[in-house]
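Right, one structure below, let's go through it.
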Amino acid sequence: QVQLVESGGGLVQPGDSLRLSCTASARNSDRHAMAWFRQSPGKEREFVAAIPWPTGYPAYGDSVKGRFAISRDNAKNAVYLQMNSVKPDDTAIYYCAYGLRLIRSSLYSEEHYAYWGQGTQVTVSS
């Protein structure tokens with residue numbers, strides 16, 4: 001069982017930056033991936049970014065490419081989402097997710113992640 005705790009959400013203005021953090025409770029030596037998804041009212045959950053472990057490069061959703069960056073600190077069992085040049089459309093609840101033994105094509109789909117955090121609200125408004 002893996003528990004995930006997100007932090008760092010809040011209210012920001014368009015063009016600002018924000019960093020989200022997610023810490024996993026259990027260290028897992030198996031190949032896995034940690035990811036961020038988001039959901040706005042009335043919309044389906046959307047893939048934002050994922051980063052595999054121990055090898056592999058990050059994956060990003062089209063709407064955030066070039067603006068957001070995902071990274072991880074293996075010593076802290078944590079993953080981060082650096083959000084730059086935020087837009088009102090980025091307003092959503094952001095969820096951290098954890099999936100075991102994912103192949104690259106599976107990184108983008110929420111059904112492949114077994115563990116989820118409670119979410120953190122990000123609101124972009126002037």
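Fair warning: this is a prediction, and the values are worked out from it, not measured in the lab.
Scanning both residues, A92 and Q121, for their nearest heavy atoms gives O-NE2, 3.4 Å. Pairing each heavy atom of S126 with each of P14, the nearest pair is N-CD, 3.7 Å. The two residues S85 and D90 have their closest heavy-atom pair at O-OD2, 4.5 Å. When all heavy atoms are compared, the tightest approach of H32 to M34 is CD2-CG, 4.2 Å. Residue I70 comes nearest to A35 through the heavy atom pair CD1-CA, 4.5 Å, listed as atom of the first residue, atom of the second, then distance.
Other members of the cluster containing I93 are F37, F47, Y95, L102, L107, Y108, Y113, W116, with ILVMFWY side chains joined at under 4.5 Å, either directly or via other members.
Side-chain contact between T23 and L4 is absent, with no heavy-atom pair separated by less than 4.5 Å. Inter-residue side-chain proximity for V12 and T123 is flagged as unmet; no heavy-atom pair is nearer than 4.5 Å. Here the side chains of S40 and E46 are not in contact, with every heavy-atom distance at 4.5 Å or above.
Salt bridge K65/D62: present, at least one basic N to carboxylate O contact under 4.0 Å.
For the atom pair CD (Q3) and CD (Q118), the distance works out to 10.5 Å, reported to the nearest 0.5 Å. Once rounded to the nearest 0.5 Å, the distance linking OG1 of T91 with CG of L11 reads 8.5 Å. A distance of 11.0 Å separates OG1 of T120 from CG of L81, quoted to the nearest 0.5 Å.
Both the sub-6.0 Å distance and the 45° axial angle are not jointly satisfied by R67 relative to the ring of Y60.
Crowding of E44 atom CD: a count of heavy atoms from other residues, nucleotides or ligands under 6.0 Å not exceeding 12.
At a cut-off of 3.5 Å, with distance as the only test, no side-chain donor of S125 or Q13 sits close to an acceptor on the other residue.
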Can Y94 and Q39 be said to form a side-chain contact (heavy atoms from CB on, under 4.5 Å), step by step? CA-CA 7 Å; Y94 283 71; Q39 189 167 22; over 6 Å; no
Please report the C-alpha distance between L20 and V122 in whole Å, then the side-chain angles of each, then the deciding distance to 0.1 Å, and finally whether the side-chain contact (heavy atoms from CB on, under 4.5 Å) criterion is met. CA-CA 9 Å; L20 305 183; V122 173; 4.0 Å; yes
Taking it one step at a time, do E6 and S21 satisfy side-chain hydrogen bond (donor to acceptor under 3.5 Å, both in side chains)? CA-CA 6 Å; E6 303 103 331; S21 301; over 6 Å; no
Criterion side-chain contact (heavy atoms from CB on, under 4.5 Å) on M83 and V48, from CA distance to verdict: CA-CA 11 Å; M83 306 168 60; V48 176; over 6 Å; no
Stepwise side-chain contact (heavy atoms from CB on, under 4.5 Å) check, Y98 with C22: CA-CA 10 Å; Y98 184 106; C22 173; over 6 Å; no
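D73 places a side-chain N or O within donor-acceptor distance of the main-chain N or O of K76, the cut-off being under 3.5 Å. Judged by distance alone, with hydrogens and angles left aside, the side-chain atoms of S17 form no donor-acceptor pair with the main-chain N or O of N84 at under 3.5 Å.
Listed by chain and number, the residues in a side-chain contact (heavy atoms from CB on, under 4.5 Å) with S71 are Y80 (sequence neighbours excluded).
Hydrophobic clustering (side-chain heavy atoms under 4.5 Å, transitive across Ile, Leu, Val, Met, Phe, Trp, Tyr) keeps I103 apart from W53.
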